[in-house]
Colleague: 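Here you go, one structure.
Only a predicted model underlies this, so the values are computations on that prediction, with no experimental measurement involved. What's counted below: heavy atoms across the whole structure, side chains too, no hydrogens, waters or symmetry copies.
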Amino acid sequence: MSLVAPADFTSATTALTGGATTGTPTRPTLTVLTNQSAGSVGSSLARTATTQAAESASLQVGKELASQGGIGQAKLPAAARVLPADPAAVTIEDGHPLDSQAAWV
């Protein structure tokens, strides 16, 4: 399993607070990469643990943003003010796809 944060994660996250001067902020994404070839039990356990870690990290980042006073929050529409509390979307992707010739025995 891998947890991947994009290179622009920090700037995308701080843009959610309304501090950015241009464009519409986009919710940053943390990606959990799975490895199906590791076996279903191991893959499932690792996927759950990594996903929980990513979700927890997002909430922690949200707390950090809140402790900094929510820079520019007054400039944001009401619906957008909620997003910085849990700023990252967590997605799950197959990081090591099984070959088309793979078979489960």
Side-chain angles (χ1 to χ4, degrees):
M1 292 296 126
S2 297
L3 179 58
V4 179
D8 68 342
F9 184 81
T10 301
S11 60
T13 302
T14 56
L16 295 175
T17 63
T21 57
T22 61
T24 303
T26 302
R27 189 175 191 195
T29 301
L30 293 172
T31 304
V32 174
L33 297 177
T34 64
N35 183 357
Q36 295 287 333
S37 62
S40 61
V41 174
S43 178
S44 178
L45 289 172
R47 174 184 169 168
T48 299
T50 307
T51 301
Q52 288 176 348
E55 291 168 348
S56 180
S58 178
L59 292 172
Q60 184 60 41
V61 168
K63 287 178 185 177
E64 292 293 323
L65 290 173
S67 73
Q68 295 175 8
I71 304 165
Q73 286 288 309
K75 299 176 192 174
L76 295 174
R81 291 183 205 149
V82 176
L83 189 57
D86 185 9
V90 178
T91 62
I92 300 169
E93 295 180 12
D94 194 0
H96 299 281
L98 292 176
D99 188 288
S100 63
Q101 302 299 313
W104 295 100
V105 281

Colleague: Minimum heavy-atom separation for Arg27 and Asp86, please, with both atom names.
Modeller: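 Minimum heavy-atom contact is NH2-O, 2.8 Å.
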
Colleague: What are the two closest non-hydrogen atoms of Ala88 and Ser58, and how far apart are they?
Modeller: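 Looking at all heavy atoms of both residues, the shortest contact is N-OG, 2.9 Å.
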
Colleague: Same hydrophobic cluster for Leu33 and Leu45, using side-chain heavy-atom links shorter than 4.5 Å among ILVMFWY?
Modeller: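 Shared cluster, no.
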
Colleague: Enter the distance from Glu93:CD to Thr29:OG1 here, rounded to the nearest 0.5 Å.
Modeller: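 Glu93 atom CD to Thr29 atom OG1 measures 9.0 Å (nearest 0.5 Å).
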
Colleague: Can you tell me how far apart CG (Leu65) and OG1 (Thr14) are? Round to the nearest 0.5 Å.
Modeller: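 Nearest 0.5 Å value for the CG-OG1 distance: 8.0 Å.
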
Colleague: Could you walk me through whether Gln52 and Thr48 satisfy the side-chain contact (heavy atoms from CB on, under 4.5 Å) test, starting with their C-alpha distance in whole Å, then the side-chain angles of each, then the deciding distance to 0.1 Å, before giving a yes or no?
Modeller: CA-CA 6 Å; Gln52 288 176 348; Thr48 299; 3.8 Å; yes

Colleague: Which heavy atom of Pro28 sits nearest to which heavy atom of Ala12, and what is that distance?
Modeller: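 Taking every non-hydrogen atom into account, CB-CB, 3.9 Å.
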
Colleague: Using the side-chain contact (heavy atoms from CB on, under 4.5 Å) definition, which of the options Val4, Thr50, Thr91 pairs with Val32?
Modeller: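 It is Thr50, the one option of Val4, Thr50, Thr91 that forms the side-chain contact (heavy atoms from CB on, under 4.5 Å) with Val32.
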
Colleague: Say you draw a straight line from OG1 of Thr34 to CD1 of Ile92; how long is it, rounded to the nearest 0.5 Å?
Modeller: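 Nearest 0.5 Å value for the OG1-CD1 distance: 8.0 Å.
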
Colleague: Which heavy-atom pair separates Leu30 from Ala54 by the least distance, and what is that distance?
Modeller: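 Leu30 and Ala54 have their closest heavy atoms at CD1-O, 3.7 Å.
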
